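Right, one structure below, let's go through it.
All of these numbers come straight from a predicted model, not from anything done at the bench. The sequence lines fix the lettering, A, B, ..., with proteins before strands; numbering per chain opens at 1.
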Number of protein chains: 2
Amino acid sequence: MKNRLGEIRKERGIKQDELAEILEVSRQTISSLENGKYNPSILLAFKIARYFNMSIEEIFIYEGEENGK
Amino acid sequence: MKNRLGEIRKERGIKQDELAEILEVSRQTISSLENGKYNPSILLAFKIARYFNMSIEEIFIYEGEENGK
DNA sequence: TTTAAAGGTAAAGTATACTTTACGTACATG
DNA sequence: CATGTACGTAAAGTATACTTTACCTTTAAA
């Protein structure tokens with residue numbers, strides 16, 4: 001799954017550090033998400049979407065053909 | 001987080017069993033989701049939404065005030 | 001040329017999503 | 001009554017999301 005998190009975050013002029021605190025996750029979580037190390041939980045995806053005033057689908061791009069559960 | 005999975009599945013006249021096979025998860029996973037035992041991964045949420053031709057937000061209802069990560 | 005700010009990442013631990021196996025219950029139909 | 005279908009659920013194991021701690025690199029400025 002791809003995501004536009006880093007892109008959107010930079011557009012809003014906010015640091016990983018700050019976003020992490022707002023979303024109540026660690027900075028490493030934000031970094032890992034932006035660099036595609038793993039996918040967010042659906043709760044975190046909702047928090048992110050809500051914070052940026054976007055839908056989950058606008059930020060996280062599911063193309064199918066994914067194996068993980 | 002609440003969801004309308006059971007409701008939507010019944011509308012479509014499909015069994016837990018069948019949905020599980022289509023989504024490539026176990027029947028227990030479907031049952032657990034419908035009964036609010038836990039939340040889906042975002043990948044599974046996308047698969048479900050795509051299968052029902054709906055958005056994640058139409059099926060899974062995030063109200064905020066949730067603690068889990 | 002040090003110092004700090006911003007971000008990448010690794011290791012080890014915890015929480016939770018999901019699996020397999022298995023059994024229980026309710027309901028329908030023979 | 002007996003058998004099958006649909007669903008709930010429990011226990012134990014695996015995979016992955018996320019944490020804490022910590023260190024490293026790059027860039028920019030004093």
Side-chain angles (χ1 to χ4, degrees):
Chain A
M1 212 185 51
K2 293 183 180 174
N3 73 74
R4 309 205 305 122
L5 184 54
E7 183 185 342
I8 294 165
R9 177 182 58 78
K10 283 167 196 159
E11 277 172 18
R12 310 287 171 118
I14 179 172
K15 295 159 196 162
Q16 287 187 345
D17 210 0
E18 296 167 341
L19 183 57
E21 194 163 3
I22 290 164
L23 300 176
E24 298 174 299
V25 295
S26 66
R27 178 178 67 82
Q28 288 76 353
T29 293
I30 302 298
S31 177
S32 296
L33 291 177
E34 290 188 359
N35 290 290
K37 301 294 180 187
Y38 49 71
N39 300 317
S41 70
I42 195 171
L43 285 179
L44 182 49
F46 265 112
K47 272 184 163 184
I48 291 170
R50 171 171 290 193
Y51 175 71
F52 287 121
N53 248 313
M54 300 174 77
S55 70
I56 289 181
E57 285 88 349
E58 286 172 315
I59 303 176
F60 299 95
I61 292 94
Y62 177 69
E63 294 292 359
E65 296 118 30
E66 253 145 290
N67 35 339
K69 302 302 171 55
Chain B
M1 211 185 52
K2 293 183 180 175
N3 73 73
R4 309 205 305 120
L5 184 53
E7 184 186 341
I8 294 164
R9 177 182 58 79
K10 284 167 196 160
E11 277 172 19
R12 310 286 170 119
I14 180 173
K15 294 160 197 163
Q16 287 186 345
D17 211 359
E18 296 167 341
L19 183 57
E21 194 164 2
I22 290 164
L23 300 175
E24 298 174 298
V25 294
S26 67
R27 178 178 65 83
Q28 287 76 354
T29 293
I30 303 297
S31 177
S32 296
L33 291 178
E34 290 188 0
N35 290 291
K37 301 294 180 189
Y38 49 71
N39 299 318
S41 70
I42 194 170
L43 285 180
L44 182 49
F46 264 112
K47 273 184 163 185
I48 291 170
R50 171 171 290 193
Y51 176 72
F52 287 121
N53 248 312
M54 299 175 78
S55 69
I56 289 181
E57 284 87 349
E58 285 172 317
I59 304 176
F60 300 95
I61 292 95
Y62 177 70
E63 294 291 359
E65 295 119 30
E66 253 144 289
N67 33 340
K69 304 300 173 52

d(CD, Glu21(B); P, dT19(C)) in whole Å: 13 Å
Using the rule that two of Ile, Leu, Val, Met, Phe, Trp, Tyr join whenever any of their side-chain heavy atoms come within less than 4.5 Å, decide whether Val25(A) and Ile14(A) are in one cluster. yes
For DNA chain D, determine which residues of residues 10-19 of chain B have any heavy atom closer than 4.0 angstrom to one of its atoms, and list them numerically. Lys15(B), Gln16(B)
To the nearest angstrom, the CG-C1' distance between Leu43(A) and dA17(C) comes to 12 Å
May I have the distance from Glu34(B) (atom CD) to dG8(D) (atom P), rounded to whole angstrom? 6 Å
What pairs with Gln28(A) under side-chain contact (heavy atoms from CB on, under 4.5 Å), at least two apart in sequence or on another chain? Ser26(A)
Taking N or O atoms only and anything under 3.5 Å, show me the protein contacts with nucleotides 21-28 of chain D, one pair per line.
residue	atom	partner	partner atom	Å
dT21(D)	O4	Gln28(A)	NE2	2.8
dA22(D)	N6	Gln28(A)	NE2	2.9

Would you indicate whether the side-chain heavy atoms of Ile48(A) and Phe60(A) approach each other to under 4.5 Å? yes
Partners meeting side-chain contact (heavy atoms from CB on, under 4.5 Å) with Lys10(A) (sequence neighbours left out): none
For Ile48(B) and dA17(C), what is the distance between atoms CD1 and P respectively, to the nearest whole Å? 13 Å
Any side-chain N or O of Ser26(A) less than 4.0 Å from the OP1 or OP2 oxygen of dT19(D)? yes
Counting only heavy atoms not in Glu18(B) (residues, nucleotides, ligands), do more than 12 fall under 6.0 Å from its CD? yes
Can you pull the side chain to side chain donor-acceptor pair (under 3.5 Å) pairs that have at least one residue in residues 48-63 of chain B, sequence neighbours excluded? Ser55(B)-Glu58(B)
dC18(D), dT9(D), dT9(C): which one has an atom nearest the side-chain heavy atoms of Ser31(A)? dT9(C)
Under 3.5 Å, sequence neighbours excluded: what are the donor-acceptor pairs made by side chains of residues 33-40 of chain A?
residue	atom	partner	partner atom	Å
Glu34(A)	OE1	Arg9(A)	NH2	3.1
Glu34(A)	OE1	Gln16(A)	NE2	3.0
Glu34(A)	OE2	Arg9(A)	NE	2.5
Glu34(A)	OE2	Arg9(A)	NH2	3.4
Asn35(A)	ND2	Ser31(A)	O	2.8

side-chain N/O Ser41(A) vs dT16(C) OP1/OP2, d < 4.0 Å: no
Let me know the distance between CZ of Arg9(A) and P of dA6(C), rounded to the nearest Å. 11 Å
Using only atom types and a distance under 3.5 Å, with no angle test, would you say the side chain of Lys47(A) pairs donor to acceptor with the backbone of Leu23(A)? yes
Between atom NZ in Lys37(A) and atom C1' in dA10(C), what is the gap in whole Å? 10 Å
Once you round to the nearest 0.5 Å, how far does CG of Leu5(B) lie from CD1 of Ile8(B)? 7.0 Å
To the nearest angstrom, how far is Tyr38(B) atom OH from dA17(C) atom C1'? 6 Å
Atom pair distance, as rounded to whole Å: CD1 in Ile30(A) and P in dA17(D): 14 Å
